Amino acid sequence: MNGISSLPNYINGQWLTSNATEYLDVINPTTAAILARVPLSPASEVHQAAEAAAVAFESWRRTPATERVQYLFKLKNLLEENFADLARTITQECGKTLAESQGEMRRAIENVEIACGIPMMMQGTNLEDIARGIDEIMIRQPLGVVAVICPFNFPGMIPFWFLPYAIATGNTYIVKPSEKVPLTMQKIFKLIEKTGLPKGVINLVNGAKAAVDAILDHPQIKAISFVGSTPVAKYIYSRGAANGKRMQCQGGAKNPIIVLPDADMEMTTKIAADSAFGCAGQRCLAAAIAVTVGEARARFTEAIAEIAKKRVVGNGLEQGVEMGPVITSQSKTRIEQLIQQGVAAGAELLVDGRNPQITGYEQGNFIRPTILQNVSPTGEIARTEIFGPVLSLIHLDSIDEAIALVNSGQYGNMACLFTSSGAAARKFRYEAEAGNIGINIGVAAPMAFFPFSGWKDSFFGDLHGQGNHAVEFFTQTKVVVERWPNNWSRQF
Ligand code: NAD
């Protein structure tokens with residue numbers, strides 16, 4: 001239709017046109033250009049992928065781990081060779097700057113590299129002679145068919161928190177990308193195809209609710225990783241778990257940073273601005289609230305306002321641009337409404353980034369960095385995940401009050417402290433209720449060899465993505481106890 005291509009699914013080693021009756025436009029958030037049409041695949045196409053993956057599993061699980069990771073080595077090289085193109089695609093469909101997209105792809109590749117160590121990481125344990133002549137061993141085996149359901153904000157990286165570990169441990173796989181940003185995975189699957197991976201080992205099904213529900217209900221799918229908003233994470237966790245599946249569901253966030261008066265204020269404000277406005281605030285680890293303690297208030301407020309006003313906003317593909325648009329026009333409207341709601345509730349607009357004029361990109365979903373001050377710690381604006389370039393300032397008198405505020409939140413994804421006091425840093429690290437802590441640094445997604453996830457309503461499940469947790473999540477242990485009679489040779 002009008003030269004706009006409809007995206008295929010990749011099932012059982014073949015690119016297949018979906019039988020979907022509904023399609024969504026994939027829209028460049030910078031220019032509003034329609035990039036492609038994505039099918040809302042019906043349940044039958046998830047079933048087809050699950051059946052193909054189940055057949056492939058029988059042979060894939062028997063493929064030695066050392067052989068399985070050879071495909072990952074090939075994939076790593078292909079991702080490196082296509083690095084620039086993949087980063088560009090992320091910027092086109094997601095809006096972030098090219099530097100941010102490159103950072104995202106670097107982290108994706110790092111997960112492939114780490115998963116190449118699976119032959120060592122999935123080793124079991126054993127103890128000989130638990131009783132005389134009897135040995136007990138624990139082995140790890142793959143689960144079967146597993147799947148990931150992805151959000152829009154990291155189309156290249158997030159599937160890789162799970163996928164390389166899942167297949168290296170011997171599982172077969174289904175990826176359901178966000179319907180808002182399906183193009184990066186289309187390109188990555190072209191590379192997966194080039195690795196020569198046996199058909200059915202990794203499958204791609206585009207879609208939204210119908211495809212997700214089919215994944216949640218399919219009896220062949222044994223485990224599901226989800227990353228997205230908290231209400232959807234709760235729904236997916238409960239429905240998948242009720243169907244007996246192993247689940248790990250990462251949800252939303254509302255991340256606070258605390259600034260003490262003894263912090264290096266120049267460094268702190270720069271880091272706080274990067275954390276709040278990087279990826280236009282659409283990161284689950286973005287700073288959303290800055291709590292200044294005591295005399296930190298005046299210096300921090302003045303400096304962060306200056307940085308926010310100077311931020312270069314525009315097309316992420318252009319050099320010098322520091323921040324792109326938010327993902328959709330609906331998202332822009334929602335964020336602007338939340339800002340207005342905060343003002344109506346008594347907050348002051350220190351920097352108002354609404355309705356900017358970005359020459360040449362009048363149709364883009366732009367909001368400039370926005371700062372609200374005197375935000376009520378208990379008000380809606382301090383509690384709701386905005387997921388845009390909006391920082392709320394709250395002032396308190398002591399670190400104890402600040403930590404109490406951090407711990408009173410619904411979410412627990414990330415919390416940061418800026419200080420030059422080791423004692424304050426230790427107290428914060430010890431007491432703050434969050435899965436990721438930053439001390440004088442904004443938290444980026446942890447390196448691939450650390451597990452990544454939040455606490456409280458930022459995570460539902462037990463084992464997290466990446467590193468050893470991924471190996472645990474994608475394998476089940478089997479304990480074998482053995483006795484071999486000494487007279488075995490006489491049997492033949
Ligand atoms: P989302 O919850 O709207 O969508 C995520 C996925 O769920 C998509 O694939 C979508 O198709 C599917 N989905 C949406 N509604 C559904 C429904 N009713 N039933 C079944 N499936 C449904 O999230 P999003 O807007 O794409 O991503 C942003 C959210 O993700 C933010 O809340 C952000 O904090 C969170 N996030 C969290 C992490 C983390 O590590 N904790 C990382 C990235 C993003």
Side-chain angles (χ1 to χ4, degrees), residues 95-97 99-100 254-283 285-316 318-326 332 335-336 338-340 342-343 346-359 361 364 366-377 381-382 386-396 402 414-420 438-444:
K96 60 182 71 172
T97 67
E100 289 169 340
K254 183 79 179 180
N255 303 309
I257 61 169
I258 300 176
V259 185
L260 298 188
D262 64 0
D264 173 337
M265 216 47 83
E266 199 184 327
M267 179 191 80
T268 301
T269 44
K270 191 185 165 310
I271 293 172
D274 287 346
S275 180
F277 308 131
C279 296
Q282 300 171 113
R283 289 190 313 125
L285 291 167
I289 301 171
V291 183
T292 51
V293 174
E295 289 162 13
R297 178 185 200 165
R299 285 178 298 145
F300 179 82
T301 306
E302 195 182 323
I304 193 97
E306 275 314 299
I307 299 183
K309 284 181 203 154
K310 286 190 189 140
R311 209 87 180 162
V312 182
V313 177
N315 182 346
E318 288 171 11
Q319 264 207 332
V321 167
E322 296 171 301
M323 197 181 97
V326 297
K332 174 177 152 87
I335 294 165
E336 287 175 347
L338 280 164
I339 295 170
Q340 191 51 42
V343 174
E348 287 166 38
L349 262 173
L350 179 65
V351 180
D352 185 357
R354 290 173 296 175
N355 296 314
Q357 291 308 307
I358 310 291
T359 309
Y361 302 105
F366 289 98
I367 304 179
R368 286 191 55 82
T370 297
I371 302 180
L372 290 156
Q373 65 174 339
N374 296 329
V375 170
S376 159
I381 207 78
I386 298 177
F387 222 55
V390 181
L391 184 66
S392 296
L393 306 189
I394 294 175
H395 182 68
L396 294 172
M414 171 281 239
C416 289
L417 180 74
F418 292 85
T419 183
S420 53
I439 306 286
N440 293 324
I441 193 164
V443 180

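Because the structure is a prediction, the values reported are computed rather than measured.
- Listed by chain and residue number, L260, D262, L417, S421, A424, A425 satisfy the side-chain contact (heavy atoms from CB on, under 4.5 Å) test with T419 (two or more places apart in sequence, or in another chain).
- No donor-acceptor pair under 3.5 Å is formed between the side chain of E318 and the backbone N or O of N315.
- With values rounded to the nearest 0.5 angstrom, I271 atom CD1 is found 8.5 Å from C416 atom SG.
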Original post:
Going through the distances and angles, do Q282 and V326 end up as a side-chain contact (heavy atoms from CB on, under 4.5 Å)?
Top reply: CA-CA 7 Å; Q282 300 171 113; V326 297; 3.6 Å; yes
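- Residues F418 and I257 have side chains in contact (heavy-atom distance under 4.5 Å, counting atoms from C-beta outward).
- For the residue pair R283 and A444, the shortest heavy atom distance occurs at NH1-CA, 4.3 Å.
- Here the straight-line distance linking atom CZ of R354 with atom CD1 of I339 works out to 6.0 Å at 0.5 Å rounding.
- The shortest heavy-atom contact between I371 and A308 is CD1-CB, 3.7 Å.
- Between the CD1 atom in I386 and the CD1 atom in I367 there is a gap of 9.5 Å [rounded to 0.5 Å].
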**OP:** Kindly determine whether I307 and F277 satisfy side-chain contact (heavy atoms from CB on, under 4.5 Å), including the steps that lead there.
**Re:** CA-CA 10 Å; I307 299 183; F277 308 131; 5.9 Å; no
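- Remark: side-chain polar atoms of K96 are not paired, donor with acceptor, to backbone N or O of G316 under 3.5 angstrom.
- The minimum heavy-atom distance linking V351 with P369 is given by the pair CG1-O, 3.4 Å.
- Between the side chain of T370 and the backbone N or O of V390 there is no donor-acceptor pair closer than 3.5 Å.
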**OP:** Report the C-alpha distance between E336 and N355 in whole Å, list the side-chain angles of each, state the deciding distance to 0.1 Å, and finish with yes or no for side-chain contact (heavy atoms from CB on, under 4.5 Å).
**Re:** CA-CA 9 Å; E336 287 175 347; N355 296 314; 3.6 Å; yes
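- Taking CD1 from I289 and CG from L372, the interatomic distance works out to 11.0 Å, rounded to the nearest 0.5 Å.
- The distance from atom OG1 of T292 to atom CG of L393, rounded to the nearest 0.5 Å, is 7.0 Å.
- Among all heavy-atom pairs drawn from A286 and G281, the shortest one is CB-O, 3.9 Å.
- The shortest distance between side-chain heavy atoms of E322 and V313 does not fall below 4.5 Å.
- Rounded to the nearest 0.5 Å, atoms OG (S275) and CG (L285) are 8.0 Å apart.
- Side-chain contact between V259 and M265 is present, with heavy atoms from C-beta onward closer than 4.5 Å.
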Please table the atom pairs, donor to acceptor, closer than 3.5 Å between any side-chain atom in residues 295-305 and protein atoms at least two apart or in another chain.
residue, atom, partner, partner atom, Å
R297, NH2, N374, OD1, 2.8
R299, NH2, P261, O, 2.9
T301, OG1, R297, O, 2.6

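- A distance-only check finds a donor-acceptor pair linking the side chain of R368 to the backbone of R311 [under 3.5 Å].
- Using a 4.0 Å cut-off between a side-chain N of Lys or Arg and a carboxylate O of Asp or Glu, K270 and E266 do not qualify as a salt bridge.
- Heavy-atom minimum distance, P325 versus G95: CD-O, 3.3 Å.
- Of all the heavy atoms in I381 and K254, the pair that sits closest is O-NZ, 2.9 Å.
- The main-chain N or O of L350 is never found under 3.5 Å from a side-chain atom of Q373 such that the two would form a donor-acceptor pair.
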